[in-house]
Trainee: 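Dumping the structure here so I can ask a few things about it.
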Amino acid sequence: MTSNIFGCSRASQSMMAMGVLLAAATSICLIQTRRRRRKQNNDDGSNTNPSTDDEASFYKQLGVSEENLPTHIKREIAKERKRKAKVELISMKTPMYDNVYMLDSNREPMCTISMKKAKWYIKKGIAEWSSFKDHRDGSAIRLENGDAINVDNEEEELKCIRLLFEHNGYKHSDPKATTNENLYLRSAKQNVCVVCGNAGYHIRHYIVPYSYRTLLPERYRTHMSHDIVIMCPDCHLLCEKPKKERMTRMERDIRMKLGAGALDISPVIDDPHLHHIRSCAIALVKWKDKMPAEKVESHSKTVREHLASVCKWEDQREALLNGKEELNKAQLQKACGVNYRVKNPNFVEGAELVVRSLKDAKSTEEFIVGWRKHFVATVNPQHMPTGWRVDNPVVCGSRKGDIDGVRSW
C-alpha cells in the first residue's frame, strides 16, 4: 500500500516536471520564432508580424491547447488580443505625409508640405497650383541624391504649388546646393513604418519624447517635423519601453545631483483638512449610532461646510449650511470619497527638471541629437525618410543664419 502511494507521488511529480519543461520549451520556441520573423521583416521589409492567432496555432502544433497553458502565458495572450483590438482606434486616421511639392518663383523645388498648408498658401493668394510639366527644362527635376522626379507620367501626376513671390531666404541659400538638409526637405516621404516598412496602421512617434519636446523653446518645435516619424503599433511598443527607461535614468541622475533629499520628495502630500473631512464622513457612516451627540454634530458640521464649498447651486448650498435636514447617504458617500492627496508644491516633474538642466543652445542640441542616436540604436530603422541624419540641424531656419552657434535649417 505504502509503495503504491510513493509510486503515485513520484509519477505525479514527474508529470509536473514534464509540464514545466514543456511550458518553458514552448516559451523559448515562441521567442525565437518572434525574433526570426522580426529579423526577416528588417531584411526584406515585408509585413509578417506574428498575430495572436499565430501564437495560438503555434501551441496547437505542439499538441498543447490554450486551456492547458500556464497562467502567465494565457495572461500575455489575452493582453495581446486586447492590444490588437485597439490598434485601429489609436492609429492615425489619415496619412501623415501628403508630399505636396513647393516650388519657388523660379520653379526650383524647396520642400514638401501637407495639403492643408498648400491650400492655405492658395487661399492667401501667394501661391498657385502648378505642375512639374510646366518646368522650364521640360523634362524632369533632379534632386540632390541623383533621383529624378519624372514629369511625363500622367498616371501619377505629382501635386505641387508655386510661390508667386521671391521668398526671403532665396538670397541667402543656394536652391541647387547638395546637402542632407536640402535632400530631406525636398524628398517625398513614404507613409510606412520607419522600422519594418509596414504600410498598414501607423502611430505618430516622437523621437524626442513628447513630454520633453513640449517644454523646449518654440524654435525647436515650430516647423520641425524632422524628429516626428511614423511607426506601426508593434514597433512603437518595442521602442517605448527602452525610451521610458532612459527617461527614468535621466531624471533620477538629475535629482541625485540636486542632493539626496531631492529623491525623497513625494509628488503628492496629504492635506490635513481634507483628510479630516474624510475621517468625519467615514465615522458618521460607520459609528454614528455609537457616537456622542456633540461629536455627531461636530462631524456633520465639518462635512456640511465642505459639501457647501464645492456645491454649484445656491439653494443647495444654503440648505447644507442651515443644517435643518440630516445628511443623506449620497452626501456622506461623496464626502467619504474626498481625495486628500494633493500635488506637492515642492515636487518638480521629471520632464520639467530635465529641460531646466539644459542651460544653453549647445546643450539643447546635444540633448536632441542624443535622443536621435538612442532611437537609431534601439530599433535600427530601415525606412527613414531620405536625407534624415542624426546630425541634421535641430532648429528651424533663420534669415540670420545659425542661432547661438547651433546650425539651423
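Residues take their numbers from the sequence shown, with the count starting at 1.
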Trainee: Before you tell me yes or no, could you show the steps for Glu218 and Arg221 under salt bridge (Lys or Arg N to Asp or Glu O under 4.0 Å), namely the whole-Å CA-CA distance, both residues' side-chain angles and the distance that decides it to 0.1 Å?
Mentor: CA-CA 5 Å; Glu218 186 177 1; Arg221 296 179 280 113; 5.5 Å; no
Trainee: With rounding to the nearest 0.5 Å, note down the distance linking SG in Cys232 to NE2 in His205.
Mentor: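 Rounded to the nearest 0.5 Å, the SG-NE2 separation comes to 11.5 Å.
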Trainee: Got a sec, which residues hit side chain to side chain donor-acceptor pair (under 3.5 Å) with His306, two or more places apart in sequence or on another chain?
Mentor: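 Not a single residue meets the side chain to side chain donor-acceptor pair (under 3.5 Å) criterion with His306.
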Trainee: Which residues satisfy the side chain to side chain donor-acceptor pair (under 3.5 Å) test with Glu245, sequence neighbours excluded?
Mentor: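 Here no residue qualifies.
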Trainee: According to side chain to side chain donor-acceptor pair (under 3.5 Å), who are the partners of Gln333, at least two apart in sequence or on a separate chain?
Mentor: none
Trainee: For Asp98, is there an ion pair with Lys159 - N to carboxylate O distance below 4.0 angstrom?
Mentor: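 Salt bridge flag = no for Asp98 with Lys159.
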Trainee: Going by the ring-ring contact (aromatic ring centres under 6.0 Å, His included) test, which pairs reach into residues 308-358, not counting sequence neighbours?
Mentor: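 For residues 308-358, and leaving out neighbouring residues, the ring-ring contact (aromatic ring centres under 6.0 Å, His included) pairs sorted by first residue read His275-Tyr340.
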Trainee: Just to verify, what does Pro272 make a side-chain contact (heavy atoms from CB on, under 4.5 Å) with, not counting sequence neighbours?
Mentor: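 Scan of Pro272 (side-chain contact (heavy atoms from CB on, under 4.5 Å), adjacent residues dropped) gives none.
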Trainee: Look at Arg162 together with Glu108 and state whether they make a salt bridge at an N to O cut-off of under 4.0 Å.
Mentor: no
Trainee: Taking only distance into account, with no hydrogens and no angle test, what donor-acceptor pairs under 3.5 Å do side-chain atoms of residues 111-119 form with protein atoms, sequence neighbours excluded?
Mentor:
from	atom 1	to	atom 2	distance (Å)
Thr112	OG1	Lys189	NZ	3.3
Ser114	OG	Lys117	N	3.2

Trainee: Would you say the rings of Phe367 and Tyr212 are close, in the sense that their centroids are separated by under 6.0 Å?
Mentor: yes
Trainee: Nearest 0.5 angstrom please: Asp234 CG to Cys196 SG, how far?
Mentor: 7.5 Å
Trainee: Rounded to the nearest 0.5 Å, how far does CG of Leu327 lie from SG of Cys280?
Mentor: 11.0 Å
